[in-house]
Amino acid sequence: MSIELGKTLQNTFGFSHFKPNQEDIITSILQGCDVFAAMPTGGGKSLCYQLPATLLPGITVVVSPLIALMKDQVDAAHENGVRAGFINSTLSREEAADIFSQLKNGRLKLLYIAPERLSTGDFFNQLKELELSQFAIDEAHCISEWGHDFRPDYLSLSRLREKFPNVPISAFTATATKKVQEDIITRLRLKTPLRVRASFNRKELYYRITRKSNVNQQILDFVLKHPGKSGIVYRTTRKAVENTSSYLSEHGISSLPYHAGLSDPERKHHQELFKKDEIDIIVATIAFGMGIDKSNIRFVIHGDLPKSIESYYQETGRAGRDGELSHCLLLYSRGDAGKIQYHIRNIEDELVQERARKNLSRMISYAETSVCRRKQLLSYFDEDFSGNCGMCDSCNDEIELVDGTVDAQKILSAIKRTGERFGINYIIDIVRGANTERIRQYGHDQLSTYGVGKDEPKEHWHAMIDELLGKDCILRDEESFGALRITEKGNGVLFGKDTFSVAKRNATRKSKVEAEYEKGDEALFNILRNLRLEIARKKGLPPYMIFSDKTLREMCIKLPDNKMSFLRISGIGRVKLETYGSLFLDAIRNFMGYHR
Ligand code: ADP
Ligand code: MG
């Protein structure tokens with residue numbers, strides 16, 4: 001790490017190491033190059049433009065779609081002693097003029113703006129009068145119609161290059177698909193940008209899927225096991241949100257609902273209380289989440305099946321931004337899949353319908369197989385992962401296995417008897433005895449395996465094939481259009497030498513990894529958390545902005561007793577040391593004295 005970068009990282013942000021890719025990105029920005037970076041939520045994208053902002057001579061302009069988040073980011077920058085401001089529709093004319101005069105006088109290094117500003121020529125001219133060092137486009141996927149959150153306002157960003165040909169542009173997104181990536185680069189007219197695609201593996205997230213039986217009771221049980229922790233519960237409908245939220249409240253859990261049926265001020269208020277740790281739990285439809293950077297969300301529960309892996313991944317990704325262990329629980333029932341299918345049938349556009357169907361079927365197979373969750377999620381984003389992550393129900397033997405040899409043999413035999421030349425859907429059609437012309441043409445309706453699995457639904461056989469793929473009993477030959485082939489291991493199962501087990505989900509038990517994460521004194525942690533809350537209330541800031549949970553945890557483990565050792569804790573820079581050091585050091589000293 002270069003000495004100067006290392007110093008700024010430590011002094012201003014309080015971190016001793018860069019997260020993956022941060023240093024490359026920052027170096028490129030400092031050299032005046034364009035950058036495109038796809039990094040997962042919590043990957044540390046903000047630092048990639050904030051750190052250069054403090055070193056470059058002029059002003060860094062950050063475009064961000066979320067007005068609510070803008071104020072938070074400016075507050076957070078101030079907490080680190082970085083001078084920042086924002087201009088959006090919440091400011092009066094006078095306030096905006098004041099920001100501009102501060103910019104002109106060189107009193108601000110970072111300016112956050114909403115994209116709609118850029119559609120007015122006037123604003124471009126005002127920017128022209130300033131010395132600009134870089135543009136950083138946050139949530140850059142909003143510029144692409146292929147993305148999950150297209151915003152027409154973002155299209156005006158295409159003009160930046162033409163208006164400011166000499167100002168480098170960097171683009172950041174947590175959307176992983178390649179199509180969106182190319183779209184962003186083209187539309188922003190990035191010039192041979194540094195391209196970064198970080199791993200989308202979120203090591204700190206523990207994935208677990210449990211059969212849904214009594215959903216409210218199951219959610220309550222989970223919440224009771226994580227007292228005082230901040231969490232999101234997602235439900236599909238307003239009614240379900242209201243229902244779960246009141247159930248939790250009746251059982252003494254501090255929670256509030258969030259959905260489109262509430263008035264704007266109500267929704268904002270609930271979100272604010274959640275952000276500021278004044279309530280533990282928010283029960284919400286998927287309308288909630290975009291634009292909240294709260295770093296200490298310790299769990300995300302899905303009370304209903306999400307529509308796609310992409311949305312499941314984005315939603316679960318809101319937990320654990322601070323890198324501390326966080327839980328993702330999905331309560332799964334086949335009935336939910338049926339409900340989504342019902343909606344899909346009513347979609348008029350055939351292409352959209354087909355896409356929705358594919359998305360759902362991948363989601364179902366994710367929920368039904370016993371292969372390492374992480375392996376499955378990452379393979380969805382075209383990332384290879386060996387499995388055995390140790391941080392999911394599957395890798396921790398939480399799943400009770402039952403014998404599935406006979407079903408496996410049905411699939412394997414259908415593959416073998418058709419010469420290992422056909423893909424997944426055709427094989428399933430044979431096993432289920434589908435009456436298709438293609439099957440008749442090949443005479444495959446005469447095979448002994450034809451129709452042996454007609455009593456089970458398609459999804460069952462899809463899941464079975466996923467299990468066989470995940471356990472390397474079969475493989476997909478992409479060169480032969482996805483034909484399934486049987487491996488040596490698969491032959492072992494087919495010819496009865498080996499057995500094959502599949503998942504039957506069962507009661508959860510605590511994993512070794514989970515136990516590891518819970519080191520440090522819980523009583524001290526609670527004292528520090530309350531201190532943080534008290535300070536946050538006074539300042540009107542969300543507590544995680546003062547210190548992250550990770551920083552508090554580290555205090556509990558390292559027990560700093562002077563300013564130097566306090567500064568060594570991750571997330572504490574010079575300004576935070578000055579502002580909060582003595583308060584927290586006193587609290588730790590008191591605690592230690594009392595316990596000695
Ligand atoms: P993203 O925008 O990519 O989702 P953020 O910029 O919000 O991520 O950062 C996520 C968290 O990681 C924040 O709490 C931030 O303070 C922390 N973080 C960023 N860079 C580092 C680093 N080098 N070391 C430790 N923590 C970091
Ligand atoms: Mg971000």
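For ligands, and for the atoms within them, numbers begin at 1 and follow the listed sequence. Keep in mind it's a predicted model, so treat the numbers as computed, not measured.
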_Residues forming a side chain to side chain donor-acceptor pair (under 3.5 Å) with T27, sequence neighbours excluded_ = none

_Looking at R321 and D293, is there a salt bridge between them, counting it only when a charged N and a carboxylate O are closer than 4.0 Å?_
yes

_Between Y380 and Y366, ring centroids under 6.0 Å_ = no

*asked:* Please tell me whether K294 and N296 have a donor and an acceptor in their side chains that are separated by less than 3.5 angstrom.
replied: yes

_Exercise: identify the closest heavy-atom pair between L205 and A319_ = CD2-O, 3.5 Å

*For ligand 1, list the protein residues that place a heavy atom within a distance below 4.0 Å of one of its atoms, sorted by chain and number.*
F15, H17, F18, K19, Q22, P40, T41, G42, G43, G44, K45, S46, R321

_Worked verdict on S64 versus E139 for side chain to side chain donor-acceptor pair (under 3.5 Å)_ = CA-CA 7 Å; S64 161; E139 316 288 350; over 6 Å; no

